[in-house]
Each structure stands twice: as structure tokens, then as C-alpha cells.
Protein chains: 2
Amino acid sequence: MIPGEFIEHLKRVGVRLTPQRQEILQVLWERAQAGGQPVNAEEVMKCVRSRYPGISLDTVYRTLATFTRKGIVNELQFKDQSRRYELVIQGEHHHHLVCLGCGYVREIAYCPVDIIERVKECYSDFKIEDHSFTIYGYCAQCRED
Amino acid sequence: MIPGEFIEHLKRVGVRLTPQRQEILQVLWERAQAGGQPVNAEEVMKCVRSRYPGISLDTVYRTLATFTRKGIVNELQFKDQSRRYELVIQGEHHHHLVCLGCGYVREIAYCPVDIIERVKECYSDFKIEDHSFTIYGYCAQCRED
DNA sequence: TCCTAGTTAAGAATTATTCCTATTTCTTTG
DNA sequence: CAAAGAAATAGGAATAATTCTTAACTAGGA
Ligand SMILES: [Mn+2]
Ligand SMILES: [Mn+2]
Ligand SMILES: [Zn+2]
Ligand SMILES: [Zn+2]
């Protein structure tokens with residue numbers, strides 16, 4: 001079950017709670033439980049449709065964008081021009097190690113905060129809002145030494 | 001003029017030197033000289049066409065991909081799903097500060113190498129190849145305090 | 001000069017994402 | 001509880017960036 005926390009978060013930030021959005025949230029939550037591999041819009045739609053057959057892909061995209069704007073999900077850009085999403089767990093912040101072979105994503109807790117601080121000082125004409133840090137490599141299965 | 005260095009690099013890595021490729025290299029070089037704003041494929045094509053009218057957009061994409069694979073250019077992914085390219089200057093390594101308003105890109109010399117080292121140790125089952133680090137914010141013009 | 005693998009142009013195709021619009025549904029207010 | 005307005009949705013069309021297909025061409029080595 002989705003923790004009430006998320007539903008409350010939605011209300012708090014003034015986002016209407018429609019059944020479509022609940023189902024999408026449910027899918028993201030289940031994914032987070034099942035190991036944290038981020039999902040793309042297509043996959044979200046497929047999962048949601050098993051319970052809510054009529055949902056449109058556009059709604060999935062729109063909802064994921066809304067959730068991203070509201071800080072409920074994290075939108076990740078991949079090198080193949082695709083986007084995948086993951087639920088933001090309150091109080092957590094992490095980055096990723098992405099396999100260039102199979103696309104497998106592993107979380108890393110390290111974050112270059114110190115550098116971000118330094119940049120804030122050196123480039124004070126920029127108002128810093130966000131950052132991304134991704135390491136690419138080959139996982140055990142994909143590496144060919 | 002493009003330094004011979006690049007032409008030699010191409011030969012060294014076994015990439016045929018066609019006139020199209022020379023022109024693309026020239027454009028990238030001029031851009032690098034003119035402040036380092038990365039360019040997208042469309043822009044490269046427009047610039048090249050002024051001297052080499054027949055070039056196809058596909059060739060530009062193909063060449064940029066080849067150059068990227070060979071370490072001659074750097075391919076940057078943006079949040080709007082677009083890609084932009086910059087010439088790799090021998091012995092330099094840098095990251096970017098990107099304005100979420102206008103897309104303006106500023107280079108930052110700081111790199112989270114220490115973290116990458118730590119990740120190499122902790123996640124030794126991954127063979128690390130590459131990394132990206134980008135900070136997002138609003139530039140002086142775009143910030144609305 | 002000849003040969004051939006690698007490269008190109010042109011346009012079609014693909015893929016992910018967004019837009020359009022009529023309809024529906026939350027949520028608030030009376 | 002009913003009505004009204006704002007926001008969200010479905011469905012399909014549209015867009016934009018990129019990639020594919022194929023036949024013709026060419027760089028660079030023998
Ligand atoms: Mn994650
Ligand atoms: Mn740069
Ligand atoms: Zn971070
Ligand atoms: Zn770096």
C-alpha cells in the first residue's frame with residue numbers, strides 16, 4: 001500500500017488526487033519497493049492499465065511531469081534520450097551508476113555537495129537550483145574485460 | 001584554422017578524413033574559440049552548409065556520433081531531450097552550469113574525482129568508464145529573485 | 001590506377017513526447 | 001445536496017529529434 005505520506009504530500013502541494021494519479025503513485029511505490037530500478041512512462045502505463053484499463057499515455061506523461069515539478073518523483077535523463085522516473089523518498093538524496101550495456105541502474109549515496117557549495121560561491125551570479133551526477137560503466141554481466 | 005592536432009587525431013584513431021568531416025570539425029573549432037557554447041546538430045549543419053551546401057543532417061549526426069566515440073567531441077544531454085556538442089580540448093576536463101531559463105552553458109573546472117574514486121572502490125563490480133556532473137540554475141538575466 | 005570498405009545524400013521511418021479539444025470529474029460553495 | 005468553475009482526462013493528431021535504408025560515391029591503401 002502507498003503510505004499516506006504521499007497522498008498527504010499531494011494535497012499539501014495542491015495537486016488533485018484523481019484515481020489515475022493514485023494508480024501511478026502506486027506503481028512508482030511498488031517499483032521503489034522492488035529494488036529501485038526507475039521506470040519509463042510506457043512501463044508505468046502498462047502497469048497501471050492492468051488495474052485501470054482506460055488510462056492514456058498522455059496522462060501518464062502529464063502526471064509524471066506534475067509529480068516531478070512537485071518534488072514527488074525524480075526524472076532521470078538517459079543517454080539514449082529516454083527518461084525514467086523514481087519516487088522521491090523523503091529525506092533521501094542519491095545519484096546513480098548506470099550500466100552502458102544493459103541500462104541497469106544502481107544507486108550511490110555519495111553526492112558532490114562540497115563542489116556544489118564551492119560553485120555557489122564562485123558563480124554567485126547563477127542561482128543554483130539542482131544538480132545531476134551520474135557515473136557510467138559496465139555491470140558484472142556486461143563487462144567484457 | 002583547425003590545429004593539425006585534430007586532423008592527426010582522426011588519422012591516428014582510423015577515421016577517414018572526408019571534406020564533410022573537416023568542415024564539421026572547423027565549425028566545432030570556431031565555436032570553441034568563440035566562447036565554448038556547445039552546439040546542436042541543426043546549428044552545425046547550418047554553419048557547415050554556408051561553405052559546403054550539400055551536406056545532409058544525417059551526416060552531421062553520424063559524424064558527431066563518430067567524433068564522440070573517438071573522444072574528439074563531448075556530447076551533452078540536456079533536460080529538454082536535446083543534445084549539444086563541444087570539441088574536446090586535449091588535457092582538459094570540465095563540467096557545466098546550465099541555465100534553466102535560457103539554456104546558457106557555463107563551464108566549471110571542478111570535478112568530483114574523489115567521489116568517483118570512492119565509487120570505484122565500493123562498486124568494484126562495475127567497470128567505470130565515464131561520468132557526468134551538471135549543475136542547474138538561473139543565470140543573472142533569467143533569475144527573478 | 002584500381003579496389004574496396006567506409007561514407008554519403010535523400011528521404012522515409014521511428015520514437016518519445018507534447019499538443020489539441022471536447023468531455024469528464026474533482027472540489028468548493030451556495 | 002446541487003451547481004459551477006477549474007483542473008484533469010482520453011484519444012488522436014502533431015512535433016521534433018534522431019535513426020534507418022539504399023544506392024551512389026570516394027578516401028586511402030595496394
Ligand atoms: Mn534512484
Ligand atoms: Mn564545455
Ligand atoms: Zn547530489
Ligand atoms: Zn569530471
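Chain letters run A, B, ... following the sequence lines, proteins first, then strands; residues in each count from 1.
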Rounded to the nearest angstrom, tell me the gap between atom [atom1] in [X] and atom [atom2] in [N].
{"X": "B/Ile55", "N": "D/dC25", "atom1": "CD1", "atom2": "P", "value": "18 Å"}
{"X": "A/Ile24", "N": "D/dA10", "atom1": "CD1", "atom2": "C1'", "value": "13 Å"}
{"X": "A/Leu64", "N": "D/dA8", "atom1": "CG", "atom2": "P", "value": "14 Å"}
{"X": "A/Leu10", "N": "D/dA8", "atom1": "CG", "atom2": "P", "value": "11 Å"}
{"X": "B/Gln77", "N": "C/dT17", "atom1": "CD", "atom2": "C1'", "value": "16 Å"}

Acceptor/donor pairs from residues 128-135 of chain B side chains to any protein atom, 3.5 angstrom cut, sequence neighbours excluded:
{"residue": "B/Asp130", "atom": "OD2", "partner": "A/Lys79", "partner atom": "NZ", "Å": "3.2"}
{"residue": "B/His131", "atom": "NE2", "partner": "B/His93", "partner atom": "NE2", "Å": "3.1"}
{"residue": "B/His131", "atom": "NE2", "partner": "B/His95", "partner atom": "NE2", "Å": "3.2"}

Contact list for residues 35-68 of chain B, test ring-ring contact (aromatic ring centres under 6.0 Å, His included), sequence neighbours left out: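 Qualifying pairs, neighbours excluded: none.
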
Looking only at atom types and distance, does a side-chain atom of [X] sit under 3.5 Å from a main-chain N or O of [Y], one as donor and one as acceptor?
{"X": "B/Arg143", "Y": "A/Asp125", "answer": "yes"}
{"X": "B/Arg21", "Y": "B/Arg16", "answer": "yes"}
{"X": "B/Gln81", "Y": "A/Gln81", "answer": "yes"}
{"X": "A/Glu30", "Y": "A/Val27", "answer": "no"}
{"X": "A/Arg49", "Y": "A/Ile55", "answer": "yes"}
{"X": "A/Ser82", "Y": "A/Phe78", "answer": "no"}

Salt bridge (charged side-chain N to carboxylate O under 4.0 Å, His left out) evaluation trace for B/Glu117 with B/Lys120: CA-CA 5 Å; B/Glu117 282 312 309; B/Lys120 260 184 192 150; 3.6 Å; yes

Side chain to side chain donor-acceptor pair (under 3.5 Å) against A/Asp114, all qualifying residues, sequence neighbours excluded: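 Applying side chain to side chain donor-acceptor pair (under 3.5 Å) to A/Asp114 gives none.
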
Helix axis bend for the helix from C/dT1-D/dA30 to C/dG30-D/dC1 - C1'-based end axes, five pairs, 10° rounding: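 Both end axes considered, the difference amounts to 30°.
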
Heavy-atom protein contacts under 4.0 Å, nucleotides 14-21 of chain D, coded B base, S sugar-phosphate only, - none: ---SBBBB

Selection: residues 11-23 of chain B, any non-hydrogen atom under 4.0 Å of DNA chain D: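 Listed by number, they are B/Arg16, B/Leu17, B/Pro19.
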
Atom of B/Pro38, atom of B/Val105 and distance for their closest heavy-atom approach: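 Shortest heavy-atom contact: CD-CB, 3.9 Å.
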
Phosphate OP1/OP2 of D/dG11: any A/Ser56 side-chain N/O under 4.0 Å: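 A/Ser56 to D/dG11 OP1/OP2: no side-chain N or O under 4.0 Å.
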
